[in-house]
Amino acid sequence: KLSSVRQLSTLPARLFPNPASGQCFLKLPHSLRFLKLVDAYGRVIWQAPPTLLEPTTAPRPIPLQGLPSGVYQVQGGNSNGVFSRNLVVQ
């Protein structure tokens, strides 16, 4: 049985700065079940600790130290669906 997934791209999820180096931030006031950074090969590079998954109006920091330059994806989701944003690391 297949279930549908509603994209959260209409929500005010904002990733900045982009391009970035060292650190970037995700601004999304909703609680999340997961938040992760994935490389071009689909490998999970970073996963948010539980404290970053709570609802907040503060930007959520995503560490980028030591990552090679390239395009990554910031992925997140909750019970309403999932979202993905491209991130360029310089």
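For the numbers below, each heavy atom of this structure counts, side chains included, while hydrogens, waters and symmetry mates do not.
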List the steps and the verdict of side chain to side chain contact (heavy atoms under 4.5 Å, CB included) for L37 and V44. CA-CA 6 Å; L37 181 66; V44 176; over 6 Å; no
Smallest heavy-atom separation, P17 atom then L87 atom, equals O-CD1, 4.0 Å
Verdict with reasoning, V89 to V71, per side chain to side chain contact (heavy atoms under 4.5 Å, CB included): CA-CA 6 Å; V89 173; V71 178; over 6 Å; no
Under the rule for side-chain hydrogen bond (donor to acceptor under 3.5 Å, both in side chains), what residues qualify as partners of D39, not counting sequence neighbours? R43
Calculate, to the nearest 0.5 Å, the distance between atoms CD1 and CG belonging to I62 and L67 respectively. 11.0 Å
Between P61 and L52, is any pair of side-chain heavy atoms under 4.5 Å apart? yes
Residues forming a side chain to side chain contact (heavy atoms under 4.5 Å, CB included) with F34, sequence neighbours excluded: K36, Q75, V82
Side-chain heavy atoms under 4.5 angstrom apart, residues restricted to Ile, Leu, Val, Met, Phe, Trp, Tyr: same cluster for V38 and F25? no
Exam field: side chain N78 to backbone R33, donor-acceptor pair closer than 3.5 Å: no
If I take atom CZ from residue R85 and atom CD from residue Q73, how far apart are they, to the nearest 0.5 angstrom? 10.5 Å
Please lay out, stage by stage, how L32 and E54 fare under the test side chain to side chain contact (heavy atoms under 4.5 Å, CB included). CA-CA 7 Å; L32 294 170; E54 297 299 320; over 6 Å; no
Check the pair S69, Q90 against side chain to side chain donor-acceptor pair (under 3.5 Å), reporting the backbone distance first and the verdict last. CA-CA 5 Å; S69 298; Q90 296 179 325; over 6 Å; no
Can you find a pair of side-chain heavy atoms, one from L28 and one from F83, that are under 4.5 Å apart? yes
Within a strict 4.5 Å, meaning less than it, do heavy atoms of the L15 and C24 side chains meet? yes
Which residues pass the side chain to side chain contact (heavy atoms under 4.5 Å, CB included) test with P68, not counting sequence neighbours? Y72
